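Notes follow the structure.
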Amino acid sequence: MRQIDPFIAGDTAGGGSVRPENGRVGDVFDPSTGQVQARVAFSTAADLDRAVRAAAAAQPGWAATNPQRRARVMFRFRELLEANLQDLVELLASEHGKVVADARGDVLRGLEVIEFSCGIPHAMKGEYTQGAGPGIDVYAMRQPLGVVAGITPFNFPAMIPMWMFGPAIAAGNAFILKPSERDPSVPVRLAELMLEAGLPEGILQVVHGDKEMVDAILDHPAISAVSFVGSSDIAHYVYGRGAAAGKRVQAMGGAKNHGIVMPDADLDQVVHDLCGAAFGSAGERCMALPVVVPVGDATADALRERLIPAMAALKVGVSTDPDAHYGPVVNAAHKARIEDWIQTGVDEGAELVVDGRGLVLQGHEHGFFVGPTLFDRVTTAMRAYREEIFGPVLQIVRAPDFETALRLPSAHQYGNGVSIFTRNGHAAREFAQRVNVGMIGINVPIPVPVAYHSFGGWKRSGFGDTNQYGMEGVRFWTKVKTVTQRWPDGGEGDNAFLIPTS
């Protein structure tokens, strides 16, 4: 059976993939069949030490490389991503379960951050003040942190690693990547392509594992900064432990994104957007839209009436089915967790309008499929509303008026994204101004910012002060050094000839 090893390049023991000796492995499933297709070898503390040692040795030379040359590596990596796009997409879909169209989007959204990173010479420019005092100039420069790390989740095995290592490496750091053990092949392949693009050995390393490896990264004294994306409880843990170890940490957590539907909204467009945002990628997205808040019972009734047939038309299929709207969830444990949350909603008194449990595809009876599910009359007191389900489950929470609808996402423990659907510009502006959430969509169901802006939620959706990618990402992966200088007159010394005399 295929085994996925860590990718450690540049160590004196030899470059490339090295098989750990501890014997710990994790199963990598084909979610469409439920069968184990590979095993990932969990890295040891010794593996991490080797990776960090090689990274620390290579990083000063990489940081000293002028930014134009670092950018050229990013340009070449971008070309290789495009040349290998289909292979990456198929590999990603086979391990994650998302359909090929979603897998393609996963890679392409990561590629957009690489394109931003190609502009690193401009992004790294410092500031300069001439004449800050008598004969005094002040300038500031951005410098890399050194060896840094990223811990990434299963749901975007291409995009989120590139969110992190693209700006970090372009800025002159060496990067240790710990991807999810559930779908680790694409991150390893990305590291291989970076080497092919001309990145020096040691600058991008990939280690595998579970909590043991996470803790090893958080505790390692030579790692200066850690970026994390995952559940909120783990994000809080990573932030606390990493900060206690003196590291710079950004930790992005879970979400419960709301979609506010005003009475004047185009309901046909809203239903189309909801079917993609709530059920696309089987709901395994931190920017999915699992809660819809129609304003007024008439809006709620009309929306529900349109949603039911639209959901019935959704096709759940294997990841390679070009006609499928979404595929299986990542593994059996996650399927069971989603179905437990559906039962919790029933037990708490929500009205189960469409039940997606028990979905079986002929010929793929052991696949991890969950059908689209719809609840109505969900209340804020329900645990199924308060917590993240991370599956193809949409909840209707009815609001009598705009102010109530505004309070719902503002008061929720998560603050990743929110959308409002309306034709009223004043209502949209008022909502965007007042809502207590980090990313806002106006008639946009999944408001993920483009690569030259930045991604980040509020409250329990984000721990730390700096967002992912864009200029916020460059700031996170660099530190500012400020120089105040004065050059005294040379007088009669050796440099007197440089000073004009009257």
Side-chain angles (χ1 to χ4, degrees), residues 3-11 17-20 22 24-28 38-56 92 95-96 110 145-169 173-192 194 202-231 233-235 237-239 241-242 245 247-253 330 463-464 468 476-477:
Q3 179 158 309
I4 305 157
D5 293 318
F7 186 88
I8 301 173
D11 185 71
S17 297
V18 178
R19 184 154 296 182
N22 64 353
R24 294 186 67 223
V25 297
D27 290 334
V28 178
R39 290 193 169 91
V40 55
F42 286 1
S43 304
T44 64
D47 294 324
L48 179 62
D49 284 338
R50 287 183 53 231
V52 171
R53 182 170 62 245
L92 193 159
E95 289 187 356
H96 178 278
L145 302 176
V147 179
V148 299
I151 301 167
T152 59
F154 76 87
N155 60 323
F156 284 96
M159 180 183 76
I160 295 179
M162 286 190 275
W163 277 10
M164 296 180 186
F165 75 64
I169 290 174
N173 297 287
F175 197 91
I176 311 295
L177 173 63
K178 205 298 284 183
S180 171
E181 65 276 19
R182 299 179 188 179
D183 46 8
S185 291
V186 166
V188 171
R189 184 67 184 125
L190 294 176
E192 293 170 347
M194 282 292 281
I203 298 301
L204 177 56
Q205 315 278 43
V206 182
V207 295
H208 301 300
D210 50 15
K211 182 180 182 297
E212 287 187 19
M213 183 49 57
V214 170
D215 288 346
I217 289 170
L218 295 174
D219 296 341
H220 202 291
I223 295 175
S224 300
V226 176
S227 182
F228 172 87
V229 175
S231 71
D233 288 344
I234 305 303
Y237 170 84
V238 165
Y239 181 75
R241 185 160 179 158
K247 302 184 192 312
R248 181 180 291 187
V249 184
Q250 58 177 189
M252 305 300 166
V330 70
F463 299 88
Q468 297 271 356
F476 179 77
W477 297 116

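Note: hydrogens, waters and symmetry copies are ignored here, and every other heavy atom, side chains too, is used. Values in this document were obtained by computation on a predicted structure and should not be read as measured data.
You'll find the side chain of Asp210 reaches within 4.5 Å of the side chain of Glu181, heavy atoms only. Looking at heavy atoms from C-beta onward, Gln205 lies out of side-chain contact with Pro6 at the 4.5 angstrom threshold. For the pair Leu218 and Tyr237, the minimum side-chain heavy-atom distance is below 4.5 Å.
Listed here is the closest heavy atom pair of Leu92 and Pro157: CG-CG, 3.6 Å. Here the closest non-hydrogen pair linking Leu145 and Ser224 is O-OG, 3.5 Å. For Met162 against Pro167, the heavy-atom pair with the smallest separation is O-CD, 3.7 Å. Between Ala158 and Val186 the shortest heavy-atom distance is CB-CG1, 3.9 Å. Shortest non-hydrogen contact noted between Ile8 and Val206 is CG1-O, 4.4 Å. Closest non-hydrogen pair, Phe156 versus Pro161, comes out as O-CD, 3.4 Å.
A donor-acceptor distance shorter than 3.5 angstrom exists from the side chain of Asn173 to the backbone of Gly146, with no hydrogens or angles considered. Not one N or O on the side chain of Lys247 forms a donor-acceptor pair closer than 3.5 Å with the backbone of Arg241. When atom types are taken as modelled, the side chain of Asp49 and the backbone of Ala46 share no donor-acceptor pair closer than 3.5 angstrom. No donor-acceptor pair under 3.5 Å is formed between the side chain of Gln468 and the backbone N or O of Met164. Lys178 places no side-chain N or O within 3.5 Å of a backbone atom of Val214 that could act as its donor or acceptor partner. Counting only distance, with no hydrogens or angles, the side chain of Ser43 and the backbone of His208 share a donor-acceptor pair below 3.5 Å.
A distance of 5.0 Å separates CG in Leu48 from CD1 in Ile223, rounded to the nearest 0.5 Å. Ile4 contributes atom CD1, which lies 10.5 Å from atom CZ of Phe42 (distance to the nearest 0.5 angstrom). With values rounded to the nearest 0.5 angstrom, Glu212 atom CD is found 4.0 Å from Arg24 atom CZ. Note that CD1 of Ile160 and CG of Leu177 are 11.0 Å apart. Values are rounded to the nearest 0.5 Å. Taken to the nearest 0.5 Å, the CE atom of Met194 stands 13.0 Å off from the CZ atom of Arg189. With values rounded to the nearest 0.5 angstrom, Ile217 atom CD1 is found 7.5 Å from Ile176 atom CD1.
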Test log, rule side-chain contact (heavy atoms from CB on, under 4.5 Å), inputs Phe228 and Ile234: CA-CA 9 Å; Phe228 172 87; Ile234 305 303; 3.5 Å; yes
Checking side-chain contact (heavy atoms from CB on, under 4.5 Å) for the pair Asp27/Arg39: CA distance, chi angles, key distance, verdict? CA-CA 5 Å; Asp27 290 334; Arg39 290 193 169 91; 3.1 Å; yes
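Checking each of Pro187, Ser185, Ser180 against Asp183 for a side chain to side chain contact (heavy atoms under 4.5 Å, CB included) leaves exactly one that passes, namely Ser180.
With sequence neighbours excluded, the residues forming a ring pair (Phe, Tyr, Trp, His ring centres under 6.0 Å) with Phe175 are Trp477, listed by chain and number.
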